Amino acid sequence: MSTSSDAANGAEKHTKDRPWVMRTYAGHSTAEASNALYRTNLAKGQTGLSVAFDLPTQTGYDPDSPLSRGEVGKVGVPVPHLGEMRKLFDQIPLTEMNTSMTINATAMWLLAMYQVAAEEQNPDLSPSEVAHKLAGTTQNDIIKEYLSRGTYVFPPEHSLRLIGDMIAYTVHEIPKWNPINICSYHLQEAGATPVQEIAYAMCTAIAVLDQVKNSGQVSDDDFEKVVGRISFFVNAGVRFVEEMCKMRAFVDLWDEITRERYGVTDEKMRRFRYGVQVNSLGLTEAQPENNVQRIVLEMLAVTLSKKARARAVQLPAWNEALGLPRPWDQQWSLRLQQVLAFESDLLEYDDIFDGSPVIQAKVEALIAGAKAEIDRVQAMGGAIAAVDSGYMKQELVSSHARRRAAIENGDEIIVGVNKFDTTEPSPLTANLDDAIMVADPKAEEAALASVAAWKAQRDQGEVETALARLADDAKSGVNLMQATLAAARAGATTGEWAGVLREVFGEFRAPTGVAGAVGVAEAGAELTAVREAVRTTGDELGGRLRLLVGKPGLDGHSNGAEQVAVRARDAGFEVIYQGIRLTPEQIVAAAVAEDVHCVGLSILSGSHMELVPAVLDGLKAAGMGDVPVIVGGIIPESDGKALIDLGVAAVYTPKDFGLTEIMAGIVQVIRKANDLA
């Protein structure tokens, strides 16, 4: 009952909703270092874990693979075997934890090791009892990997089988687990409009649900449970009103699809359940302090509307465009969530947007656009067919090209980058090398030693038997989860598990989307001048200028490389772009075969100091040491200077947003290398 004082002030008592699960996306260097970070973050009030794995783990390689060179422990934690999974969650009771694992191609394998680690923590319980207590999420969305992030391994149809097998297993054995987190996050980073983000995520969901339904592994009675365990992982950009409307559109459209296409009658099973990380690639290297308010606005987009509020939120750190965040930076992002959830009155009210004609009109427009795009994809045969044909990838590359052009011509304003770029010296970045954390340079050495020691102590015969069973089950069509669990218990490694399936399923190279992408529609004076410079320089050298755009190592974030390739083509270069995941040796071989005038390397994983010198050495050995090499990526200033000292002609980082200006720089680099005035 209100007091008279409360009544006089118009105060009302409100029951607060429970806050969303608060996470930070974390993992680096070694399992021991990541475990210490997790326990520290949990002590600070974080309510769930979100594990970042390194690229070898994500793509199914052990640390001793040639492709793992320079990548171990860089963008996440290496987990090449069960022993490292034990270390990763030491003193963290897995049956009491909610763990999100950003893992896709090797999701089944990492879930198996997670379950076995939990079994070892609970020796008094049966494996089934342990499994029924586990709660969390495996991302396990391979379709967006073909479109945007690049950590796929197997062809689409086989990848879909792995996803279906996992879902069928978890719905029976790990009922509190979200076996797939359909991820539109990376689609937005690859250029997706809100309509495309909604549509392609829904097309993925349809492909997955159809796979499970058609596999016969789940009864009609249990199928509603499958739908109820589907979760989503979305991106929220700085246009927070549009982003909030996007989330309301997701809610309404998912309810419609699950009700009408799949006949789900239980309203709870039709709920759109999603987690979010706000836009990391929208953060700027220039005036990075502005990223804090960007992060807050993006967080509001997924929390303000109760109807479409995220179930879990993880925020990037203000300095992610500079390099790896420190624990203090991650703490700042966690505190942003906690202030909103516990100090504000946000959680005390029903949806504050219900009844708004402006919001409703925008939501309806987004749904209509998404339905039209879904229909286009379904008419092609669905998401898998649209991946194989390159349609969705081409649409994303074209959309991204339009956005980049809008930034360059000033139609889309980014504060501190293309407008209001004068600034006072920032105390946050007074010493750039201290403003980020450097991954342990000995992480790769530690991982190599760990794999060698692990293999030396295990029963090799038991491993071989388990891997032979995995191969047989893969060929026969049996659900692969039991064979995968057996391989984990026997002590197989991440590379061995994936290697067996590579032999059975084969590997896959997704379309790049560059060939059919639409670049700059009209050339302004700047691009026209660059085209003329490209043409005249080519004439002086006896042919059209040839630029090789290469992505060495396991980094699959190809958005930047694709946009460079599209703009270079628009500028008149002959562009050689072979896609992601190439060894330095393959890049050198392509440079020799195509007799290129310049090699451009794109690396966002932090492995530039290992991979770039390997390319430089390879070109020298091939007699092409005079061919200039340029490098782009998230490269700290000190590393950029070191690369120049090694012979790199130019280094570009996120602050260099003008693609046409970069093209002009490439022409000058080529002219200088060929002693042209």
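Here the structure is a predicted model, which is why all the values come from computation and not from measurement.
A salt bridge links R458 to E496: at least one charged side-chain nitrogen sits closer than 4.0 Å to a carboxylate oxygen. Electrostatic pairing of K87 and D90 does not count as a salt bridge here, judged by no charged N lying under 4.0 Å from a carboxylate O. R581 and E71 are not joined by a salt bridge, as no carboxylate oxygen comes within less than 4.0 angstrom of a charged side-chain nitrogen. The pair R469-D472 does not meet the salt-bridge criterion, since no charged nitrogen lies less than 4.0 angstrom from a carboxylate oxygen.
Heavy atoms from other residues, nucleotides or ligands lying under 6.0 Å from NZ of K442 number 12 at most. Atom NZ of K455 has more than 12 heavy atoms from other residues, nucleotides or ligands within 6.0 Å.
Between the side chains of D62 and S65, no donor-acceptor pair is found at a separation under 3.5 Å. Side-chain contact of T137 with N178: a donor-acceptor pair under 3.5 Å is present, judged by distance alone. A donor-acceptor contact closer than 3.5 angstrom is absent between the side chains of Y25 and E320. For the residue pair N104 and E145, a side-chain donor N or O sits within less than 3.5 Å of a side-chain acceptor on the partner. Using modelled atom types, one finds no donor on one side chain facing an acceptor on the other under 3.5 Å when comparing R23 with N41. T24 and Q46 are linked by a side-chain donor-acceptor pair at a separation below 3.5 angstrom, with hydrogens and angles left out of the test. Side chains of S126 and S128: no donor on one and acceptor on the other come within 3.5 Å. In this structure, a donor-acceptor pair under 3.5 Å is absent between the side chains of E189 and S148. A donor-acceptor pair shorter than 3.5 Å can be found between the side chains of S280 and Q277.
At distances below 3.5 Å, at least one donor-acceptor pair connects side-chain atoms of N319 with backbone N or O atoms of A435. In this structure, the side chain of S34 does not engage the main chain of A31 through any donor-acceptor pair within 3.5 Å. Here the side chain of R509 pairs a donor or acceptor atom with the backbone of Q578 at under 3.5 angstrom. Proximity of a side-chain donor or acceptor of Q58 to a complementary backbone N or O of A52 within less than 3.5 Å is not detected. No side-chain donor-acceptor contact under 3.5 Å links D54 to the backbone of G76. A donor-acceptor pair under 3.5 Å is absent between the side-chain atoms of R502 and the main chain of W497, judged by distance alone. Without hydrogens or angle criteria, N291 side chain to W318 main chain gives a donor-acceptor distance under 3.5 Å. Although no hydrogens or angles enter the test, the distance criterion places no donor-acceptor pair under 3.5 Å between the side chain of R69 and the main chain of T583. T151 places no side-chain N or O within 3.5 Å of a backbone atom of G556 that could act as its donor or acceptor partner. Under the 3.5 Å distance criterion, the side-chain polar atoms of N140 are left unmatched by any main-chain donor or acceptor of I180.
Taking CH2 of W20 as the reference point, atom CE of M22 lies at 5.5 Å (rounded to 0.5 Å). If you take CD on Q338 and OG1 on T47, they are separated by 8.5 Å, rounding to the nearest 0.5 Å. The distance from atom CD1 of I142 to atom CD1 of I384, rounded to the nearest 0.5 Å, is 9.5 Å. A distance of 10.0 Å separates CE in M97 from CD in Q121, rounded to the nearest 0.5 Å. The distance from atom CH2 of W454 to atom CD of Q457, rounded to the nearest 0.5 Å, is 5.0 Å. With values rounded to the nearest 0.5 angstrom, L396 atom CG is found 8.5 Å from N559 atom CG.
Contact of the E462 side chain with the R489 side chain is not registered, since no non-hydrogen atoms from C-beta on lie closer than 4.5 Å. Taking the side chain as every heavy atom from C-beta outward, T106 and T59 never approach each other to under 4.5 Å. Counting heavy atoms from C-beta outward, I92 and L49 have side chains that approach closer than 4.5 Å. In this structure the side chain of S231 never reaches within 4.5 angstrom of the side chain of I182, judged on heavy atoms. Side-chain atoms of V313 and Q337, non-hydrogen and from C-beta on, do get closer than 4.5 Å to each other. With contacts defined as side-chain heavy-atom distances shorter than 4.5 Å, the pair L67/P56 does not qualify. For the pair L501/L162, a side-chain contact is recorded, criterion being any heavy-atom separation below 4.5 Å from C-beta on. Proximity of L601 to V612: side-chain heavy atoms (C-beta onward) are separated by under 4.5 Å at one or more points.
Smallest separation of non-hydrogen atoms from P156 and D388: CG-OD1, 3.8 Å. Taking each heavy atom of P155 and G506 in turn, the nearest pair found is CD-O, 3.3 Å. What you find for V77 and V51 is that their closest heavy atoms are CG1-CG1, 4.1 Å. Taking both residues in full, the closest heavy atoms of A207 and I143 are given as CB-CD1, 4.2 Å, listed atom of the first, atom of the second, then distance. I174 approaches A131 most closely through the heavy-atom pair CG2-O, 3.1 Å. Scanning all heavy atoms of the two residues, the minimum distance from T57 to P78 falls at OG1-CA, 3.6 Å.
A distance of 6.0 Å or more separates the ring centres of Y114 and W109. With ring centers used as reference points, Y152 lies 6.0 Å or more from F154. The ring of Y274 has its center no closer than 6.0 angstrom to the ring center of F250.
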Test T99 against F89 for side-chain contact (heavy atoms from CB on, under 4.5 Å), laying out the working first. CA-CA 10 Å; T99 304; F89 294 108; 4.2 Å; yes
D141 vs K144, salt bridge (charged side-chain N to carboxylate O under 4.0 Å, His left out): CA-CA, chis, key distance, verdict: CA-CA 6 Å; D141 173 5; K144 60 90 180 172; 5.9 Å; no
Could you walk me through whether N279 and Q188 pass the side-chain contact (heavy atoms from CB on, under 4.5 Å) check? CA-CA 8 Å; N279 190 1; Q188 185 181 115; 3.7 Å; yes
Would W177 and T138 count as a side-chain hydrogen bond (donor to acceptor under 3.5 Å, both in side chains) here? Give the steps. CA-CA 8 Å; W177 196 266; T138 33; 3.2 Å; yes
Applying side-chain contact (heavy atoms from CB on, under 4.5 Å) to L55 and D555, what does each step give before you reach the verdict? CA-CA 7 Å; L55 288 173; D555 169 34; 4.2 Å; yes
Walk me through it: do M113 and T494 pass the test side-chain contact (heavy atoms from CB on, under 4.5 Å)? CA-CA 10 Å; M113 287 198 290; T494 298; 4.0 Å; yes
Tell me, with the steps shown, if S602 and H557 meet side-chain hydrogen bond (donor to acceptor under 3.5 Å, both in side chains). CA-CA 9 Å; S602 171; H557 284 90; over 6 Å; no
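The aromatic rings of F505 and H158 sit parallel to each other, their planes meeting at less than 30°, with 60° as the upper class boundary.
For the pairing with D165, the side-chain contact (heavy atoms from CB on, under 4.5 Å) check across Q211, M481, Q482, Q217 returns one residue only, Q217.
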